[in-house]
Structures are given as structure tokens and as C-alpha cells.
J.: 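Here you go, one structure.
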Amino acid sequence: MQAKVNGKIYDIELLSKEDNSVSIKLNGEVIDIDAVMSESGFCSILHNNRSYNAECVNTSEGKYVITANFRRYEVELQNPRKKYMRGGGNQNDEAQDCIKAPMPGKIISIRVAPGDEVKKGDTLLVIEAMKMQSTYTASQDAIIDKVEVEEGDNVLSDQLLISFKHHID
């Protein structure tokens, strides 16, 4: 996924998360941190034996303001679902026949079952990753073939979540 921070683009990949230990790849460099986030958006981060406190405020979908060490960072996340929903988002692309997890996380809610007919924009499931929840919606009208996960499951990056029987025209 890409993130724009104060106008500069960064490539970010979540490699692993277990309890408070998080391993990410930031522009190709692996970074290990210990992060604790509260419900109110405050977090404590330990990296290279240095402690940082930060506040994260979600200003709109995919946009955040992070304040740390008296500095303000405006962060805009690229929609990680787009490439899994429509092969990169090109209008002429064929719709994909499955949805995969863009990063490791936990299934919070599943709103569909095999055989359900979904319309473009319908909510399919909710995943929590890095203490943030993302709602995944249908990018096309379709019929659910299989739901490969259950609520509470931990999933890996690129793990198959939902497949479609066929697409409704």
C-alpha cells in the first residue's frame, strides 16, 4: 500500500503483527516496532529503544492527522482494497472473481453467505489491521460462491476471503 505523508509518497507493507509487536516494510526497509493504541486514538510506540507518543485522528476515509513530538503529519492512505476488487481499478478491466486480504488482520464481521446476491457497493466484510477497521464492499454485482473465513479468524496477506460464482450483468 502507499501512503502520502505531508505530500511525500511512501510504500508500506505490513509484514507481521502479533500482540503489540509490528513488523513493517517502509520503502524497502524492514522496521520492527512495539505499538499500543488506545480506543481514543492515542498510541505509544517503541522503536530502537526510543519511546514515542502519538495521536491519530481519522479525518475522513483513508485520511488521518497524526501528531507526534509536537509535529503534525497529514497522512492519506491509498485504498488497499482497490487492486483486489478490480485488478487496479481500470474501468475496462474484467471484474475479479475473488477478494483477497491486502494485509494481515482479523476478520471482525462477515455480512454475506454463499448464494447471496450482492450489488456494487454492498458491504461484504470488515477486517481490523493495525488497530484500524476497514470495510470491504462489492465492486460489481455478483453472487457469492464461497466465504473462506469466519468472524474472529486471523488472516494473512493475499489470503482468499471471498469468491464469486459468476458476475451479474
Side-chain angles (χ1 to χ4, degrees), residues 1-96 98-109 111 120-140 149 154-162:
M1 149 175 34
Q2 288 188 329
K4 185 190 288 187
V5 180
N6 291 346
K8 186 174 179 184
I9 302 292
Y10 294 89
D11 286 317
I12 302 171
E13 179 182 353
L14 177 64
L15 301 175
S16 66
K17 180 189 176 310
E18 187 171 324
D19 296 323
N20 296 331
S21 297
V22 179
S23 181
I24 62 171
K25 190 182 281 189
L26 179 64
N27 289 340
E29 178 185 349
V30 175
I31 299 173
D32 295 312
I33 60 174
D34 187 63
V36 178
M37 190 156 187
S38 72
E39 299 270 333
S40 61
F42 288 96
C43 67
S44 175
I45 301 168
L46 183 63
H47 173 63
N48 286 340
N49 295 321
R50 294 186 69 189
S51 179
Y52 304 90
N53 291 313
E55 178 185 23
C56 179
V57 177
N58 185 347
T59 58
S60 63
E61 187 172 340
K63 294 183 180 184
Y64 303 85
V65 172
I66 298 174
T67 306
N69 295 335
F70 304 105
R71 295 182 70 189
R72 176 186 166 103
Y73 302 92
E74 293 185 16
V75 179
E76 182 177 350
L77 299 179
Q78 174 191 15
N79 185 346
R81 301 172 298 211
K82 186 184 292 183
K83 70 178 186 175
Y84 294 97
M85 299 292 217
R86 295 221 20 109
N90 186 331
Q91 294 276 8
N92 297 324
D93 287 349
E94 282 187 37
Q96 289 189 304
C98 67
I99 296 175
K100 295 182 179 182
M103 65 182 73
K106 181 177 182 177
I107 304 296
I108 301 300
S109 171
R111 308 263 175 91
K120 182 177 181 173
D122 287 352
T123 297
L124 304 175
L125 53 87
V126 178
I127 297 178
E128 180 180 281
M130 296 181 65
K131 309 272 184 188
M132 293 187 289
Q133 291 187 3
S134 297
T135 300
Y136 292 77
T137 59
S139 65
Q140 73 270 337
V149 292
N154 289 313
V155 296
L156 302 173
S157 184
D158 290 328
Q159 181 174 336
L160 179 63
L161 304 175
I162 294 176

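Numbering starts at 1 and runs along the sequence shown.
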J.: If we ignore angles and hydrogens, is there a donor and acceptor under 3.5 Å between the side chains of Asp11 and Gln2?
T.: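 On atom types as modelled, these side chains qualify, holding a pair under 3.5 Å.
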J.: In Å, rounded to the nearest 0.5 Å, how long is the span from CD1 of Ile33 to CG of Asn48?
T.: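 Those atoms lie 11.0 Å apart.
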J.: Show your reasoning for whether side-chain contact (heavy atoms from CB on, under 4.5 Å) applies to Leu161 and Ile107.
T.: CA-CA 10 Å; Leu161 304 175; Ile107 304 296; 4.2 Å; yes
J.: What heavy-atom pair brings Pro104 and Leu15 nearest, and what distance separates the two atoms?
T.: CG-O, 4.2 Å
J.: Is there a side-chain contact between Ile127 and Ile108, using heavy atoms and a 4.5 Å cut-off?
T.: no
J.: Can you tell me if His47 uses its side chain to pair, donor with acceptor, with the backbone of Asp32 under 3.5 Å?
T.: yes
J.: Would you call Val57 and Thr67 a side-chain contact if the rule is heavy atoms closer than 4.5 Å?
T.: no
J.: Kindly compute the distance separating CD1 (Ile24) from CD (Glu29), expressed to the nearest 0.5 Å.
T.: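 If I round to the nearest 0.5 Å, the distance is 9.0 Å.
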J.: Could you report the tightest heavy-atom contact between Val30 and Ser23, atom names first, then the distance?
T.: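 Closest approach of Val30 to Ser23: CG1-OG, 3.7 Å.
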J.: Could you pull out the closest heavy-atom pair between Val75 and Ala3, with the gap in Å?
T.: CG1-CB, 4.4 Å
J.: Where is the tightest heavy-atom contact between Ala101 and Val155, given as atom of each residue plus distance?
T.: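 That closest heavy-atom pairing would be CB-CG2, 4.0 Å.
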J.: Using side-chain heavy atoms (C-beta onward) and a distance below 4.5 Å, is Ser51 in contact with Ser44?
T.: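 Yes, at least one pair of side-chain atoms sits under 4.5 Å.
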J.: Nearest 0.5 angstrom please: Ile162 CD1 to Ile99 CD1, how far?
T.: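 It comes to 5.0 Å.
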J.: Can you name the nearest heavy-atom pair linking Arg72 to Asn6, along with the distance?
T.: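 The pair with the smallest heavy-atom distance is O-ND2, 3.4 Å.
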J.: Measuring from atom CG of Asn27 to atom CD1 of Ile9, what distance do you get when rounded to the nearest 0.5 angstrom?
T.: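 If I round to the nearest 0.5 Å, the distance is 10.0 Å.
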J.: Please give me the minimum heavy-atom distance between Tyr64 and Cys56, naming the atom from each residue.
T.: CD2-SG, 3.7 Å
J.: Roughly how far apart are Ser139 OG and Leu124 CG, rounded to 0.5 Å?
T.: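 Going from OG on Ser139 over to CG on Leu124, the span is 8.5 Å.
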J.: Might you work through the side-chain contact (heavy atoms from CB on, under 4.5 Å) test for Tyr52 and Asn69, ending with a clear yes or no?
T.: CA-CA 7 Å; Tyr52 304 90; Asn69 295 335; 3.4 Å; yes
J.: Let me confirm one number: the CD-CD distance from Glu128 to Gln133, rounded to the nearest 0.5 Å.
T.: 5.5 Å
